[in-house]
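First the structure, in the form of structure tokens, and then the observations on it.
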There are 2 protein chains.
Amino acid sequence: MAKLIENQLDNVFFALSHPTRRQMLDRLIDSDLSVTDISRGYNSSGPTISKHLRVMESAGLIQRTKRGRVHWVQLKPEPLKGVGDWMTQYKKFWDISLSSLDSYLNKISRKKEK
Amino acid sequence: MAKLIENQLDNVFFALSHPTRRQMLDRLIDSDLSVTDISRGYNSSGPTISKHLRVMESAGLIQRTKRGRVHWVQLKPEPLKGVGDWMTQYKKFWDISLSSLDSYLNKISRKKEK
DNA sequence: TATTAACTTAGCCATTTGGCTAAGTATTAT
DNA sequence: ATAATACTTAGCCAAATGGCTAAGTTAATA
């Protein structure tokens, strides 16, 4: 079971190791996109795009839903939490007070004070 | 230049995509280790361990220093900051108040209040 | 109904990965 | 001086990756 989670983490990190895939995920933050939308800007072939999507789907980072002839792609960010959890062990090494995380943390703690 | 950073991020994510390598890094948090120390517990061959180390070295995650015949391996966590930065875009999706990050954040803000 | 559009699947190819063994290269110990 | 230790490099292998084209499949349009 923890084995499955480990393996999931492998897949997630691997999915993130390709710049095209990271960029695709970035684009999906704002809204769901069709496969055609996603492929816009790359001059890769359809099947190549499709393979990238499959890699991310295996990692659980996206979900595809077919509506008519259009396949809609939705970001599923949950697996990224696993990455975040793994990262926490290392946070003490970052100069966290300078990191971009900092402003976020401030926001959080302000919210808590309410 | 930003291109180089992108590429570095590819290497970092890739390095993290193998459980053995993640575990090696975890072990390096507490102290520097010799290659022999690191290989303890795996039944992989020397060259296999060596290759894993090379992958992490390429990603900038470790540094090897030879002292006598012993090669000491040191964690270089800086590249992980790149991962953290990339992740911040997605933090809004995690239920951050429940995450293990939370306790860390509290510690930080307490420190700030002093 | 025939064509076009939006995809995926099948299958090819070169390269990389992750494992191995065998053979180096230093350095330390006997 | 020899042997053992701590590695790495060279080179092999099977499997996976990332790219392609060609050929599906399914749904919308003309």
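Throughout, a chain's letter reflects where its sequence line sits, starting with A, and its residues are numbered from 1. Note: hydrogens, waters and symmetry copies are ignored here, and every other heavy atom, side chains too, is used.
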* **Protein-nucleotide distance (A:L33, atom CG; C:dA6, atom P), rounded to Å** => 15 Å

* **Ring geometry between A:H18 and A:H52 (parallel below 30°, tilted from 30 to 60°, perpendicular above 60°)** => tilted

* From D:dT9, C:dT9, C:dT8, pick the nucleotide closest to the side chain of A:H71? -> C:dT8

* To do: May I ask you to say whether B:R22 pairs ionically with A:D10, meaning some side-chain N is under 4.0 Å from a carboxylate O?
  => yes

* Can you tell me the distance, in whole Å, between the NE2 atom of A:H52 and the C1' atom of D:dA16? => 14 Å

* Asked: Which part of the nucleic acid, if any, lies within reach of B:R67 when heavy atoms closer than 4.0 Å are counted: base, sugar-phosphate only, or nothing?
  -> nothing

* Asked: With a 4.0 Å cut-off on heavy atoms, is B:F14 in touch with a base, just the backbone sugar-phosphate, or nothing at all?
  -> sugar-phosphate

* To do: Using whole Å, report how far CZ of A:R64 lies from C1' of C:dT8.
  => 8 Å

* **A:Y90 side chain to B:E78 backbone, donor-acceptor under 3.5 Å** => no

* Counting heavy atoms from C-beta on, name the nucleotide in D:dA27, C:dT27, C:dT8 closest to the side chain of A:K66. => D:dA27

* When you match A:G46 and B:S34 each to their closest nucleotide on DNA chain D, which lands nearer the 5' end? -> B:S34

* Calculate the interatomic distance between B:R40 atom CZ and D:dA6 atom C1'; express it in whole Å. => 12 Å

* Structure fact -> Taking D:dC12, C:dT21, D:dG18 as options, the one with an atom nearest any side-chain atom of A:H18 is D:dG18

* Asked: C:dG19 phosphate, OP1 or OP2: any side-chain N/O from B:S45 under 4.0 angstrom?
  -> no

* Asked: Looking at the side chain of B:K51, which of C:dG19, C:dT8, D:dG19 is the nearest nucleotide?
  -> C:dG19

* side-chain N/O A:R21 vs D:dG18 OP1/OP2, d < 4.0 Å -> yes

* **Nearest-nucleotide comparison on DNA chain D, the residue closer to the 5′ end among B:P47 and A:R69** => B:P47

* Structure fact -> To the nearest angstrom, the CG-P distance between A:D10 and C:dT17 comes to 16 Å

* Asked: Out of A:Q63, A:R64, A:K76, which one pairs with A:E57 under the side chain to side chain donor-acceptor pair (under 3.5 Å) rule?
  -> A:R64

* Asked: Looking across every strand, which nucleic acid part, if any, lies under 4.0 Å from B:D37 by heavy atom: base, sugar-phosphate, or nothing?
  -> nothing

* Please answer whether the main-chain N or O of A:A59 pairs with a side-chain N or O of A:Q8 as donor and acceptor at a distance below 3.5 Å. => yes

* Is the backbone of A:P47 close enough, under 3.5 Å, to the side chain of A:S50 for a donor and an acceptor to pair up by distance? -> no

* From the options D:dC20, C:dG18, D:dT9, select the nucleotide whose nearest atom is closest to the side chain of A:S44. => D:dC20

* Do any side-chain nitrogens or oxygens of A:T48 fall under 4.0 Å of OP1 or OP2 in D:dG18? -> no

* In whole angstrom, give the distance that lies between atom CD1 of B:I49 and atom C1' of D:dA6. => 13 Å

* **Gap between atoms CG and P, on B:N11 and D:dT17 respectively (whole Å)** => 17 Å

* **Length of the CZ-C1' vector between B:F13 and D:dT17, whole Å** => 18 Å

